[in-house]
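Everything numeric here is computed off the predicted structure, so don't read it as measured data.
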Number of protein chains: 2
Amino acid sequence: MKEKRTVESVEKVIADFLRKNRRMPTYSEMVDLLDVRSKSVVNFWISKLVAAGILHKDSKGFLKPARPSLLLPMVGEVAAGFPSPAEEELRDIMSFDEYLITQPDSSFILKVSGDSMIDEGIKPGDLVIVNRGKEPKNGDVIVAEVDGEWTMKYFKKKGGAVILEAANPRYPPVKPRSELRVAGVVTAVIRKYHQ
Amino acid sequence: MKEKRTVESVEKVIADFLRKNRRMPTYSEMVDLLDVRSKSVVNFWISKLVAAGILHKDSKGFLKPARPSLLLPMVGEVAAGFPSPAEEELRDIMSFDEYLITQPDSSFILKVSGDSMIDEGIKPGDLVIVNRGKEPKNGDVIVAEVDGEWTMKYFKKKGGAVILEAANPRYPPVKPRSELRVAGVVTAVIRKYHQ
DNA sequence: TTGACAATAGAACGAACGTTCTATTACCCT
DNA sequence: AGGGTAATAGAACGTTCGTTCTATTGTCAA
């Protein structure tokens, strides 16, 4: 009950607020959040966080989180089969929004149905981010309209001719006759378990 | 050059600012962003966006994006093999941060190495979100320490006994002898192409 | 016990915030 | 051309922001 305020605890309180309200708390709000009675105390701690590089102030003096918001520790690698390296957190904080979406203007999301890319690890129900501005390269996973049908396939070039291959032996390669409209290149796959 | 301001264009301008600065612009800043000369014009448009449900105001009167920040249109399903439904955007906006991370306090991220879960669509290099608070259920993908080794496997219960199975025929099922420490349940998989 | 430093409290202040009002300009439809 | 609505401009206003100052309390070591 008598927890002392530390840089970490303050950071956590702010991160929680940020997650819930999607904005930084005001100093007045932080008076409540930190359970203190004066804004100058808040200022005292905020200055500490800024000095510690946890928060930044932009040119206008507004506070903003230095690292993107979500505050998930990035632990290391699971060697699926090998012993793991560091169990405890070399905590790198990351935001999937920033990580996944490099070109927000030209990207969109699709939900996958069908199993034609199953061997690429893209399963029905997965979400894929499609970048429509990107030029498809050999081997890329693309979304394309071939002869009136929309599909997700590997983009393969063989001697000038374009062939679309599924990542599933049950689907034969497609050689587009007349029209091949590439909607975009798949740049990310997201799957969520337990709804 | 003479683009007209629309609800959409204003939304986009704000979303861009939000992405860059991780906070809402002030009305004064929006004067510049929207290329107008008065805050009342800003107010005019902001009211429109609020009425349209694109922005919300919280109890304190602060603006915040109604939907999480990132602004990617969610188009529909790629029928990998079937014709696609709507090509044009039934735009649903989403943030992967919120979508993926339901329990930030008890989750962490791991990078996958090894191919033991390949048939589950989890490939080397993928990131997985692991929830350490969750009770593993039959069939869940879990990260666990078995006899001193960290692995990612299916969690299977067969008559009281726990068996860990890989999603790869090349790996035999593991029957933990002494210790089975479940580090957590995999709740999401993220893969990014092109670095 | 006392001294030094860290942490908290409280008040005061200017600046910037979002709001609101009135007035003017641009656009479209008939 | 006219008339009506949508969009913009500009100024004024009360509120609240973050900052800063001084004063008080708490904590630990000598």
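Going from atom OH of Y27(B) over to atom P of dA12(D) covers 21 Å, rounded to whole Å. Spacing between atom CE of M30(B) and atom C1' of dC17(C) amounts to 11 Å, rounded to whole angstrom units. Atom-to-atom, CG of L33(B) to P of dT8(D) comes out at 15 Å; the value is rounded to the nearest Å. Atom NZ of K39(B) and atom C1' of dT22(C) are 17 Å apart (whole Å). Between the CD1 atom of I46(B) and the P atom of dT8(D) there is a distance of 13 Å, given to the nearest Å. Atom CG in L34(A) sits roughly 14 Å away from atom C1' in dA9(C) (whole-Å rounding). If you take CE of M24(B) and C1' of dG18(C), they are 12 Å apart, rounded to a whole angstrom. Spacing between atom CZ of R23(B) and atom C1' of dC17(C) amounts to 12 Å, rounded to whole angstrom units.
Of the candidate nucleotides dT19(C), dT8(D), dT19(D), dT8(D) has the atom nearest to the side chain of W45(B). Taking only side-chain atoms of V41(B), from C-beta outward, the nucleotide of dA7(C), dT8(D), dG18(D) with the closest atom is dT8(D). Comparing dA7(D), dC17(D), dA9(C) by their nearest atom to the side chain of R37(A) picks out dA9(C).
Contacts of K123(A) classified as salt bridge (charged side-chain N to carboxylate O under 4.0 Å, His left out), with partners at least two apart in sequence or in another chain: E120(B).
When every heavy atom of Y27(B) is checked against every heavy atom of K57(B), the shortest pair comes out as OH-NZ, 3.7 Å.
Using a distance-only test at 3.5 Å, with no hydrogens or angles considered, a donor-acceptor pair links the side chain of N168(B) to the main chain of R170(B).
Among the atoms of the strands shown, base atoms are found under 4.0 Å from some heavy atom of S40(A).
In summary, of the residues considered (V143(B), L164(B), V185(B)), a side chain to side chain contact (heavy atoms under 4.5 Å, CB included) with F155(B) occurs for L164(B) alone.
Applying the 4.0 Å criterion to OP1 and OP2 of dA7(C), one finds that K48(A) has a side-chain N or O inside that range. Put simply, S38(A) has no side-chain N or O that comes within less than 4.0 Å of OP1 or OP2 on dT8(C). For dT16(D), neither phosphate oxygen OP1 nor OP2 lies less than 4.0 angstrom from any side-chain nitrogen or oxygen of S28(A). Taking side-chain N and O atoms only, N43(B) has a distance below 4.0 Å to OP1 or OP2 of dT19(C). Here K57(B) reaches the OP1 or OP2 of dT19(C): one of its side-chain N or O atoms lies under 4.0 Å away.
K134(A) has its side chain within reach of H194(B): a pair of non-hydrogen atoms, C-beta onward, lies under 4.5 Å apart.
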